[in-house]
Amino acid sequence: DTLYEGDFQDDQKIGICRLTSMLTGTQYIGDMYIYKKTGFGRFEDKDGYYIGGWKDDKKEGLGFRKEKDRIYFGFWRENQREGIGYEFGPDYSYRGEFLSDKPHGRGIIKTANSTASRCVMFTMGNLLRVTQDDPDQFLKNMDQLDFQLFSKYIKDKIKKLELYIEREKEELERRFSLLEFGVIVV
């Protein structure tokens with residue numbers, strides 16, 4: 001039910017691959033290590049897509065997730081938003097700290113019906129209080145997340161992955177055509 005196109009090493013799925021589920025239509029293009037997404041890759045499902053780091057089949061490190069009505073760019077740990085991140089929805093934006101996939105700690109929130117950003121404090125997704133901190137000063141401390149630099153990096157990385165997969169596919173097709181004519185392929 002899953003189509004694997006990519007590298008093998010010692011009969012293990014190790015290297016760059018494209019993994020497509022025939023049942024759900026999900027697709028992963030990226031690094032694989034012994035049957036697990038590990039390294040860098042792009043995963044697409046019915047709700048949207050994720051581009052970024054992976055470890056043992058889970059989102060890990062810096063990544064970008066786009067869903068129907070929400071975008072998140074920031075750090076992940078074991079498939080959950082954790083660390084500093086930006087989240088944008090149809091009626092809000094939040095820049096700040098996350099823990100266990102929820103806003104947790106300091107951040108800045110701006111709602112669609114407000115022109116001003118507010119510094120806030122969250123506890124496990126619940127707004128604890130609005131603080132008197134300066135939003136501009138807080139944003140300076142978040143400069144470690146450079147979305148434009150990350151965007152360029154992921155576009156280059158995905159293009160290289162797709163070119164690699166295409167070259168491998170062409171080579172396999174060439175080998176199969178030679179096999180059809182009885183030519184021994186090494």
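Note that the numbering runs from 1 along the sequence shown for the chain.
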Partners passing side chain to side chain donor-acceptor pair (under 3.5 Å) against [X] (at least two apart in sequence or in another chain):
X: T20; value: Q27
X: N113; value: T111
X: T2; value: none

Answer yes or no on whether K59 is positioned over the face of Y50, meaning its NZ or CZ is under 6.0 Å from the six-membered ring centre and within 45° of the axis.
yes
Following the transitive rule for hydrophobic clusters with a side-chain heavy-atom cut-off under 4.5 Å over Ile, Leu, Val, Met, Phe, Trp and Tyr, establish whether L99 and M121 coincide in one cluster.
no
Shared hydrophobic cluster, F88 / L62 (ILVMFWY, side-chain heavy atoms < 4.5 Å)
yes
For [X], all residues meeting side chain to side chain contact (heavy atoms under 4.5 Å, CB included), sequence neighbours excluded:
X: A116; answer: S114, R118
X: F122; answer: Y94, P103, I109, V120, L127
X: Y35; answer: Q12, K13
X: D45; answer: T26, F43, D47, R65

For residues [X] and [Y], determine if any side-chain heavy atom of one lies less than 4.5 Å from a side-chain heavy atom of the other.
X: R42; Y: Y49; result: yes
X: E87; Y: F73; result: no
X: D56; Y: Y33; result: no
X: Y4; Y: C17; result: yes
X: K58; Y: E78; result: yes

What is the minimum heavy-atom distance between S100 and M124, and which atoms define it?
CB-CE, 3.6 Å
Is there a salt bridge (charged side-chain N to carboxylate O under 4.0 Å, His left out) between E5 and R18 once you walk through the steps?
CA-CA 5 Å; E5 301 171 86; R18 179 184 352 233; 3.2 Å; yes
Restricting to pairs with a member in residues 19-41, which pass salt bridge (charged side-chain N to carboxylate O under 4.0 Å, His left out), not counting sequence neighbours?
K37-D57
If the condition is ring pair (Phe, Tyr, Trp, His ring centres under 6.0 Å), which residues does Y72 pass it with, not counting sequence neighbours?
W76, F98
For D101, salt bridge (charged side-chain N to carboxylate O under 4.0 Å, His left out) partners two or more places apart:
R81
Return the orientation label for the W54 and Y28 ring planes: parallel under 30°, perpendicular over 60°, tilted otherwise.
perpendicular
